[in-house]
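Heavy atoms only: backbone and side chains are in, while hydrogens, waters and symmetry mates are out. In the text below, chain A, chain B and the rest are named by the order of the sequence lines, each starting its count at 1.
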4 protein chains.
Amino acid sequence: MGQKRILSPVSDERGQRMRDLEARERILSTTLRMLGALGYSRLSIGGIAQEAAVGKATIYRSWANKAALVLDAVRVQLPEVPVADIGDSKEEIVAVAETLAEIYGSPKVRLVLPALVSDAAADPDLGRRLREELIEQRKKQSVVVLDRAVERGALPQDTDISAVLDMWAGLMLFRSLFYSVSLDKQSVRNLVSATLASPPRTTSGDQPPAG
Amino acid sequence: MGQKRILSPVSDERGQRMRDLEARERILSTTLRMLGALGYSRLSIGGIAQEAAVGKATIYRSWANKAALVLDAVRVQLPEVPVADIGDSKEEIVAVAETLAEIYGSPKVRLVLPALVSDAAADPDLGRRLREELIEQRKKQSVVVLDRAVERGALPQDTDISAVLDMWAGLMLFRSLFYSVSLDKQSVRNLVSATLASPPRTTSGDQPPAG
Amino acid sequence: MGQKRILSPVSDERGQRMRDLEARERILSTTLRMLGALGYSRLSIGGIAQEAAVGKATIYRSWANKAALVLDAVRVQLPEVPVADIGDSKEEIVAVAETLAEIYGSPKVRLVLPALVSDAAADPDLGRRLREELIEQRKKQSVVVLDRAVERGALPQDTDISAVLDMWAGLMLFRSLFYSVSLDKQSVRNLVSATLASPPRTTSGDQPPAG
Amino acid sequence: MGQKRILSPVSDERGQRMRDLEARERILSTTLRMLGALGYSRLSIGGIAQEAAVGKATIYRSWANKAALVLDAVRVQLPEVPVADIGDSKEEIVAVAETLAEIYGSPKVRLVLPALVSDAAADPDLGRRLREELIEQRKKQSVVVLDRAVERGALPQDTDISAVLDMWAGLMLFRSLFYSVSLDKQSVRNLVSATLASPPRTTSGDQPPAG
DNA sequence: AAGTAAACGAGACGGTACGTCGTGTCTTCCG
DNA sequence: CGGAAGACACGACGTACCGTCTCGTTTACTT
């Protein structure tokens, strides 16, 4: 049960033996290819096995179910959030938001994420992995940039950074899921500008305009 | 055999005669009950039929598939967005946002929405119904209140109302899906305050604080 | 839509409704055909289902496993033991023995019986059915003829009729299983003659030659 | 489960490898033990390998398949047919028949023989080994005794010795397979007496009582 | 009131996919 | 360097549902 390997190193000193790394790669790439061709629901473990010239047991040996397999296949395809310090917080944040828009607006995520979230309802481990490996990881990187903005005074001390990021991601995901669009660069810039001007804060009470 | 049916036959939304309204009700309520007990994925048409003491064909006669049935079952349970003019736009908007938080944060939506969105990838009609009957309908009501706020000057003329609403809904849904929480009243109030202070706008370029 | 089903529904031996007798017939005949072509071990439920254009569940609905299905398929093919009184016990018995030789020497039985007996080791119900429906039924018919021979004085009163029949069947089966031959008519006649001359008896102690 | 090797592999002083022999013995004895515990069908090569703390390849190196392994394991357990000349043909033959009854009535044979015969249908080599190493070998020994009886005049010159032996073996096997019993000593004696009094013969035509 | 046609419960039907198991071969790694 | 350990491709197993279909049986509308 549970995932057995996360990374695909050449040799795993104490983990499971995976003789044929080639098989693993073939499975993951076949999964991605068929996912694009068939969508998540018509994707089947048996079909992937056949297409990848692999026994079903070989798939089940490494992944507990279709969701875990697809999660692994998609995860490695996502772009990294840029965290480099370029001196200008506004521009750093815009870059972060553009990457988030790219991620949450990508067809792959649109195709896969709802299915995974749905399956996660009956599979707590999948839910945990989704949250930790997909969501939180990107968020942790984004927080680095926003924290720096707070330090620089580009954002108030009591900015609810988590709310800011979830709000942005939420908007992007919402648009992606229900309208099949991703935020264009201008909209991202407007969104960032508006939020920087007056972000949600952690302290209660009415809030004056940021400044 | 005692007399059972009291209600007279009417047409259902597909325009077909539905002799046994009681059966329809039994199907919908059984669906909701089993949905709570089993989750979406373990829910089956056959199981609902058996539990509701109804033939499978009776279900298929009214709904094309599990998703359509569940959509109907859940739709009627959702609260209405309050659009009444109470004189205070801020309070009206907070009431709207609280209702949205209740909807998107409810366990039922959390359980069902990702599955429906997922299924919609292979069923355009389902996607359309999801958007029109679940999303847009609430949004249309919310827009009424926000439009009134613009008229009153509580929001700038070029406020991107759609972005505001999708951003709020996105945040609520995001939190619900990945963290299984719904926004508490204080957070909603903070969110509304921050957004009113500086909402996203449709015009491009840097934006000064709203005022 | 052309009418297809002519036969009325009946109950199968499991007491379940079997709507489509046509399917049942198709399954049984396909089983026999593939049994001849592949042998028992290479026969598979899935293969039969595919070949018979039938769902696997339809087979499992009526038969617990491959053995039960094959038993049913083969059972109905076996010839009846002739029990008619033709006045001459010797000739009646020879006719019985020839039928037994035909049964136990037939390729179908040779192919199937060891497999069924083997499976019966782990399936008591199959063992019971084998004994009752294949073995005992033929034996009961044969006993009629031998009992008549005892009445007529063609066999001694203390003839161990069961031993006689099992000995004959055993010889035929033994030759069939290990040498793939069935007893020819002359050998059957010789066997019967020898046994009639001095059959095994139920009373203990040394036996003088019959006569 | 956690049983590891106790005995260490060593070479004996003559330079012969002990490891192979030890493994071979462990495989055969494990096979017999698990055969009794699980029956033939639930027995698996993988299971035997694990239980015997042996690689599967080590088994396949010596035996082509499960049937061949089991045949070897069982073969060595069977008692020898007594062929010694004790002066009294009747008693010699009874001893032979008792041994045959012991062999064909033993639980081990009952458990294994049908499975082997069944597998032999698709494996001619197995069929040959079954016939030669199990059946014919015992039969050859038995023939020695019966031939001596013919020489002594205890049986007619034209006695169909093969038929006699197959008939006896057939009866014993038949009773074992379908009724799970072995012939008791008295029945064996009765059977031998009856057959000696009038055995099947190779010459055709009606036969007078032997004498 | 009797006749008729639809909708009904029940569930069998042909299928697809599941996740597990056993086969016989092949590879890795340990002693 | 031989062997245990077990990964591998393959394919059968028996189960769960799917969406369609066919049964008889109500039920409600016609005549």
Side-chain angles (χ1 to χ4, degrees), chain A residues 11 16-20 22-24 41-50 52-62 64-66, chain B residues 1 3-5 8-9 16-20 22-23 41-47 49-50 52-62 64-66, chain C residues 1 3-5 8-9 12 16-20 22-24 26 41-50 52-62 64-66, chain D residues 4-5 8-9 17 19-20 23 41-47 49-50 52-61 63-66:
Chain A
S11 177
Q16 203 77 18
R17 289 157 77 179
M18 164 69 78
R19 289 284 168 64
D20 195 348
E22 196 183 304
R24 186 184 177 80
S41 65
R42 287 195 299 257
L43 196 68
S44 74
I45 299 276
I48 294 169
Q50 195 150 24
V54 138
K56 284 201 297 176
T58 299
I59 297 182
Y60 282 110
R61 208 174 292 124
S62 292
N65 46 48
K66 184 168 69 164
Chain B
M1 191 74 71
Q3 136 126 17
K4 286 178 173 183
R5 330 287 177 160
S8 49
Q16 299 195 315
R17 285 169 69 194
M18 166 67 75
R19 192 128 74 196
D20 193 346
E22 195 184 303
S41 65
R42 288 195 299 260
L43 196 68
S44 74
I45 299 276
Q50 196 149 28
V54 138
K56 285 203 299 176
T58 301
I59 297 181
Y60 281 109
R61 207 172 292 123
S62 291
N65 47 47
K66 183 168 73 165
Chain C
M1 189 74 67
Q3 136 127 16
K4 287 188 187 173
R5 328 287 177 164
S8 49
D12 72 2
Q16 302 196 316
R17 287 165 72 190
M18 167 67 76
R19 287 281 169 66
D20 195 344
E22 197 183 302
R24 185 185 178 79
R26 220 160 51 234
S41 66
R42 288 195 300 258
L43 196 69
S44 74
I45 299 275
I48 295 170
Q50 196 149 27
V54 139
K56 282 202 299 176
T58 301
I59 297 181
Y60 282 110
R61 210 172 289 124
S62 290
N65 46 48
K66 185 168 71 164
Chain D
K4 279 288 179 181
R5 263 193 216 212
S8 50
R17 289 212 304 258
R19 298 179 63 181
D20 284 21
S41 65
R42 288 195 298 260
L43 196 69
S44 73
I45 299 277
Q50 195 148 29
V54 137
K56 286 203 298 177
T58 302
I59 297 182
Y60 280 109
R61 204 173 297 125
W63 295 276
N65 46 48
K66 185 168 70 164

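Among the nucleotides E/dG24, E/dG9, F/dC10, the one closest to any side-chain atom of A/A57 is F/dC10. Comparing F/dG19, E/dG14, E/dT25 against the side chain of C/A23 picks out E/dG14 as the nearest.
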For residues 54-61 of chain D, tabulate all N or O donor-acceptor pairs below 3.5 Å that involve a side-chain atom, not counting sequence neighbours.
none

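Protein atom OH of A/Y60 is 16 Å distant from nucleotide atom P of F/dC8, rounded to whole Å. For D/K66 and E/dT23, the NZ to C1' distance is 10 Å, given to the nearest whole Å. If you take CG of A/N65 and P of E/dT20, they are 10 Å apart, rounded to a whole angstrom. The separation between A/I59 atom CD1 and F/dC10 atom P is 12 Å, rounded to whole Å. For the pair B/E22 CD and F/dT27 P, the computed distance is 11 Å after rounding to whole Å.
Residues D/K66 and D/S44 form no side-chain contact, since every pair of their non-hydrogen atoms from C-beta on lies 4.5 Å or further apart.
Checking B/A53 against C/A52, the closest nucleotide of DNA chain E that is more toward the 5' end is the one next to B/A53.
One cannot find a donor-acceptor pair under 3.5 Å joining the base of E/dG11 and the side-chain atoms of B/K56.
Distances shorter than 4.0 Å separate some side-chain N or O of C/R61 from OP1 or OP2 on E/dC13. Taking 4.0 angstrom as the limit, C/T58 places a side-chain polar atom (N or O) nearer than this to OP1 or OP2 of E/dG14.
Residues of residues 42-50 of chain C that place a heavy atom closer than 4.0 Å to DNA chain F, in numerical order, are C/S44, C/I45, C/G46.
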